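In the text below, chain A, chain B and the rest are named by the order of the sequence lines, each starting its count at 1. Keep in mind that this is a model prediction, so the values were computed, not measured.
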Amino acid sequence: MKNFSGNVLFLDRSDINTDEIIPAKYLSEVTKALLKPYLLEDLKLSGFNPEKDIHGKSVVVTRENFGCGSSREHAPWALELNGINLVIAESFSRIFRQNMFNCGMMAVELPKAVIAHMFSAFSDKETRIESDIEKSSFIIQSGDQLEEISFGISSFDRDLVAAGGWVEYADSHY
Amino acid sequence: MGKTIAQKIFDAHHVDSPSEDTYVIRLDAVFCHEITTPIGINDLVKRGKDRVFDPAKIKVVIDHVTPAKDTKTAIQGKMLREWARRHNIIDFFDIGRNGVCHALFPEKGFVRPGFTIIMGDSHTCTHGAFGAFAAGVGTTDLEVGILKGVCAFKYPGSIKIDITGCLREGVYAKDVILAIIGRIGVNGATNKVIEFTGPVVDAMPMEGRMTLSNMAIEAGATSGICLPDMRTVEYLWDFIKDEYDSREAALEAFNQFASDPDAEYDSVIQFDVARLEPQVTFGYKPDQVKSVREMQDTKIDQVYIGSCTNGRIEDLRIAARVLEGKKISDGVRGVVSPATSHIFSMALEEGIIKIFMDAGFCVTNPTCGACLGMSNGVLAPDEVCASTTNRNFNGRMGRGGMVHLMSPATAAASALAGHITNSRLFQL
Ligand code: SF4
C-alpha cells in the first residue's frame with residue numbers, strides 16, 4: 001500500500017482542472033516518469049509557484065470539483081510521481097476521483113465546513129497529515145496544534161487501495 | 001417506481017456489485033485513441049497482461065495528432081498500430097481513413113441504443129446521443145475494459161433537462177448546451193447522467209444531439225443521453241437493416257431501454273429556448289457564458305471550426321452559408337478541420353471546402369488539432385480564438401491563449417468581422 005501521510009500542499013481554489021494539473025502538451029509522453037516536473041505547471045492561483053511549493057509535499061487539500069476536465073490519468077500519475085498519493089477536497093470530478101482509486105491512491109471528500117476549517121486553521125503554516133486508513137481518520141498537525149478528522153470511503157474504494165488498484169482487482173475477480 | 005434509460009442499461013449489463021451502489025457492468029464497446037491508450041498498453045505489457053477481451057468490440061483510431069508532428073506522437077501512433085495488429089483488431093482507423101473519434105465511431109455505425117461504451121477520453125459522453133451509456137474513463141479503467149470488458153460505476157442517478165420552445169433562426173444545439181452549462185455550472189451534474197428530452201431535442205438531427213451530449217461532461221456529467229427515436233433508427237439504418245425487419249421493429253427493440261414515465265430523477269430542469277440568443281464563453285470555464293451580443297466587439301486572432309463538438313457536416317454547412325461569397329477579416333487566421341475523412345469528402349462534393357478556401361480559411365485534414373493545443377493552430381500567449389470546440393480552459397489551445405466557445409455560425413460570422421459577432425442568420 002502507498003504512503004498517505006506527509007506535509008500538506010493547500011490549493012485554495014475550486015474547479016482546478018486537469019489541464020492545470022498536467023497540461024495537454026505532455027500527453028505525448030508514453031512513459032509516466034517524464035511527467036514529474038510538470039505538475040501544476042499551469043495552475044492559476046496567485047502566489048503559487050510550482051517549483052518551490054510542491055517540493056516535499058505528500059498531501060493536497062483543496063476546495064470543490066478538483067480534477068474536472070479531461071479524463072487523463074496523467075493527473076494522478078503526475079501527483080504520484082511527486083510523492084502525493086492523497087488529495088482531500090470538498091468534491092471531485094467523477095473521472096478524476098475514480099482514476100485516483102484505480103491507481104491505488106486516495107481522493108477523499110470532506111464536508112465544506114471541515115475543509116474551510118482546515119484552510120483557516122492550518123493553511124498559512126507548515127502542516128502534516130497522518131492517515132489511519134483502518135480507523136478512517138486523519139490527524140492534522142502543525143506545531144502543537146493537533147486535530148483528528150474522520151472520513152468515509154466505500155469498502156470497494158478501500159479494496160482498490162489495498163489491491164494496489166483496479167487492474168489487479170479486476171483481473172483476479174472477473 | 002420506474003427506471004431511467006441509464007438505469008435500465010445498467011440493469012441489463014450488471015456483472016457484480018463489489019460495494020452497495022457500485023455496479024460493475026459488461027461493456028459492448030471499448031474505443032481507443034493514440035493519446036491515452038499507448039500508456040495503458042505499456043502498463044498491461046509490464047504487468048504481463050497484454051490481452052484483449054474481444055477484438056471485435058474494440059475500435060481504434062489515431063485522431064488527436066495526425067499526421068504525427070514529432071517523434072513522440074509518431075511513437076504513440078506506432079504503438080497503437082502494432083497493438084491493433086497483434087490482437088487482430090479489425091476496426092482500426094489510420095490516417096487517410098480516420099477522423100475525430102466521437103465523430104468517426106457513430107459514422108461507422110459502432111454505437112447502438114442500449115450500448116455500454118467506455119473510452120479514455122472525457123467526451124465519450126457524445127455517444128449518449130444514440131441512447132447509449134457512454135462514459136469517458138482514465139487509463140486504468142481503459143486497461144481493465146480492454147482486458148476484461150467490464151467497468152465499475154456508481155448506479156446512475158439522472159438529471160432530466162426538458163428543452164422546450166422553438167429555437168430561433170441562427171440559434172443551434174451549441175447555444176443550447178452552452179446556456180445549460182451556464183445555468184447549472186461546471187459541477188452541476190457531477191456523478192450523474194443528464195437525460196436531454198423535450199420537443200427541441202426531438203426536432204434535432206443526430207448531429208445536434210451529439211453536440212448536446214458531447215458537452216454534458218462540461219457540467220460534470222458521466223454521460224449525456226438522448227432517448228432513441230426514428231431519427232436514431234434512420235441514422236443507423238444502413239448498419240442495422242439486416243438485424244430488423246423494419247425501422248419500426250428496430251425502434252421497438254431500442255425502446256426497451258426508454259425511461260419509464262414514472263422514473264425517478266435527482267432533479268428535473270425545464271429549459272425554455274424560445275428567447276435564447278447565440279451564446280459564447282468569456283472565461284476559462286465552460287460555465288462562464290454570455291450572449292454574443294454582450295461579447296460583441298471582442299477582438300479575435302484565430303477562428304477554429306472543427307472538433308467532436310462541431311466539426312460535422314451539418315456544422316460545416318451552416319458555417320459555409322455564413323461565409324459564402326465573403327472574405328474573412330484581414331487580421332484573422334481561419335482554420336477549419338472537417339471531423340472525419342467522410343465529412344471532408346462530403347464537404348468537397350457539396351462545394352463547402354471551396355467556400356471556406358475562397359473566404360480565406362486554411363483547411364486541415366481531419367484531426368483534433370487545435371482543440372487541445374497539440375497541433376494545427378496552437379495560440380501564442382495573449383492570442384484569442386473564436387472556437388467551435390468544447391473547452392476554454394486556461395492553456396487549452398496553447399499557453400496564455402484565450403478560447404471563446406461558440407457555434408459554427410457565430411464562429412464564421414466572427415471570422416468575417418474580425419471580432420465576436422452574431423451571424424447574419426440571427427436577427428434580433
Ligand atoms: S476534438 Fe477536442 S474534445 Fe474532441 S476528442 Fe479531440 S481533443 Fe477531445
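- Contacts with chain A were tallied for B/V137, B/V15, B/D70, B/T73; B/V137 has the most, counting heavy-atom pairs under 4.5 Å.
- With a threshold of 4.5 angstrom between heavy atoms, B/N42 approaches chain A through side-chain atoms but not through N, CA, C or O.
- Both the backbone and the side chain of A/L27 have a heavy atom closer than 4.5 Å to some heavy atom of chain B.
- Taken to the nearest 0.5 Å, the CG atom of A/D42 stands 12.5 Å off from the CZ atom of B/R396.
- Proximity to chain A is limited to the side chain of B/D43, based on heavy atoms less than 4.5 angstrom apart.
- If you tally non-hydrogen atom pairs under 4.5 Å between each of B/E218, B/K69, B/R51, B/H123 and chain A, the highest count goes to B/R51.
- One distance of note links OG of A/S28 with CD of B/Q76; it measures 5.5 Å at 0.5 Å rounding.
- The part of A/Y169 that comes within reach of chain B is its side chain, from C-beta onward, which places non-hydrogen atoms under 4.5 angstrom from that chain.
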Inset, instruction - Could you check B/I217 against A/I95 for side-chain contact (heavy atoms from CB on, under 4.5 Å), going step by step and ending with a plain yes or no? - result: CA-CA 10 Å; B/I217 181 72; A/I95 301 176; 4.2 Å; yes

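- With a 4.5 Å cut-off on non-hydrogen atoms, B/C151 touches chain A through its backbone but not through its side chain.
- Contact count against chain A (heavy-atom pairs under 4.5 Å) is highest for B/L147 among B/T36, B/L147, B/L372.
- Partner of B/S122 under the side-chain contact (heavy atoms from CB on, under 4.5 Å) criterion, out of A/C68, A/S93, A/S71: A/S71 alone.
- Within the model, atoms CH2 of A/W166 and NZ of B/K148 stand 10.5 Å from one another, a figure rounded to the nearest 0.5 Å.
- Neither the backbone nor the side chain of B/V65 has a heavy atom closer than 4.5 Å to any heavy atom of chain A.
- Contacts between B/T22 and chain A at a heavy-atom distance below 4.5 Å involve the side chain alone, from C-beta outward.
- To the nearest 0.5 angstrom, A/N17 atom CG is 11.5 Å from B/Y284 atom OH.
- With chain B as the partner, the residue from A/Q98, A/R72, A/E41, A/R158 showing the most heavy-atom pairs under 4.5 Å is A/E41.
- Chain A forms the most heavy-atom pairs under 4.5 Å with one residue out of B/G220, B/S375, B/A135, B/A152, and that residue is B/A152.
- Between chain A and the residues B/G120, B/P38, B/G136, B/G40, the largest count of heavy-atom pairs under 4.5 Å involves B/G136.
- Counted by atom type alone, B/T140 and A/E73 present one or more donor-acceptor pairs between their side chains at under 3.5 Å.
- The closest side-chain donor-acceptor pair between A/R94 and B/T222 falls under 3.5 angstrom.
- Only the side chain of B/T190 comes within less than 4.5 Å of a heavy atom of chain A; its backbone N, CA, C and O stay farther away.
- Only the side chain of A/H74 comes within contact range of chain B, with at least one heavy atom under 4.5 Å from a heavy atom of that chain.
- Rounded to the nearest 0.5 angstrom, A/D15 CG and B/F393 CZ are separated by 9.0 Å.
- Heavy atoms of A/S14 lying under 4.5 Å from chain B are absent altogether.
- Contact count versus chain A (heavy atoms, under 4.5 Å) is highest, among B/D141, B/L44, B/I35, for B/D141.
- The pair A/D19-B/R399 fails the salt-bridge criterion, with no side-chain N (NZ, NE, NH1 or NH2) lying under 4.0 Å from an Asp/Glu carboxylate O.
- Contact check on B/K49 versus A/E168 returns a salt bridge, with a Lys/Arg side-chain nitrogen under 4.0 Å from an Asp/Glu carboxylate oxygen.
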